[in-house]
> 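This structure is in structure tokens; I'll ask about it shortly.
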Amino acid sequence: MTVMYVLERRVPRGAGKGRRYHWKQYAVCGRRAPLERVRLGLGAAKEWRIRKITVAGSAGCRAA
């Protein structure tokens with residue numbers, strides 16, 4: 001498996017009193033450092049996060 005990093009932004013899902021949020025993906029990279037530089041330049045630190053994900057690396061690991 002391969003490790004990748006995802007830059008995500010917290011966005012509202014609907015309106016009203018019981019407002020909920022979800023995380024929308026904006027970028028994927030094999031290294032964390034470039035995404036950290038982008039995140040620092042965007043400001044509003046609570047709206048942005050970088051998350052580590054694992055990706056199947058070969059065709060033999062795919063699910064049916």
Side-chain angles (χ1 to χ4, degrees):
M1 288 200 274
T2 305
V3 175
M4 301 289 287
Y5 296 91
V6 180
L7 177 65
E8 297 177 328
R9 183 178 188 188
R10 185 178 181 211
V11 294
R13 182 186 297 188
K17 184 178 178 184
R19 181 176 248 179
R20 295 180 175 254
Y21 295 88
H22 70 278
W23 292 94
K24 182 176 179 183
Q25 293 184 357
Y26 279 85
V28 178
C29 187
R31 296 182 314 165
R32 185 179 180 102
L35 294 178
E36 284 288 351
R37 285 195 305 266
V38 170
R39 188 177 66 90
L40 290 173
L42 293 170
K46 291 184 178 183
E47 289 184 24
W48 295 93
R49 74 177 181 185
I50 297 173
R51 194 168 54 97
K52 182 194 241 182
I53 60 172
T54 54
V55 181
S58 66
C61 296
R62 291 189 309 194

> In Å and rounded to the nearest 0.5 Å, what is the CG to CG distance from L35 to L7?
5.5 Å

> Is there a path of hydrophobic side-chain contacts, each under 4.5 Å between heavy atoms of I, L, V, M, F, W or Y residues, that connects M4 with V38?
no

> Treat each ILVMFWY residue as a node, draw an edge where side-chain heavy atoms are under 4.5 Å apart, and state whether V6 and I50 are in one component.
no

> Tell me whether the guanidinium CZ or amine NZ of R49 lies under 6.0 angstrom from the six-membered ring centre of W23 and within 45° of its axis.
yes

> Given E8, which partner from the list R51, K24, R39, K52 fulfils the salt bridge (Lys or Arg N to Asp or Glu O under 4.0 Å) test?
R51

> Hydrophobic clustering (ILVMFWY, side-chain heavy atoms < 4.5 Å, transitive) - are L42 and Y26 grouped together?
yes

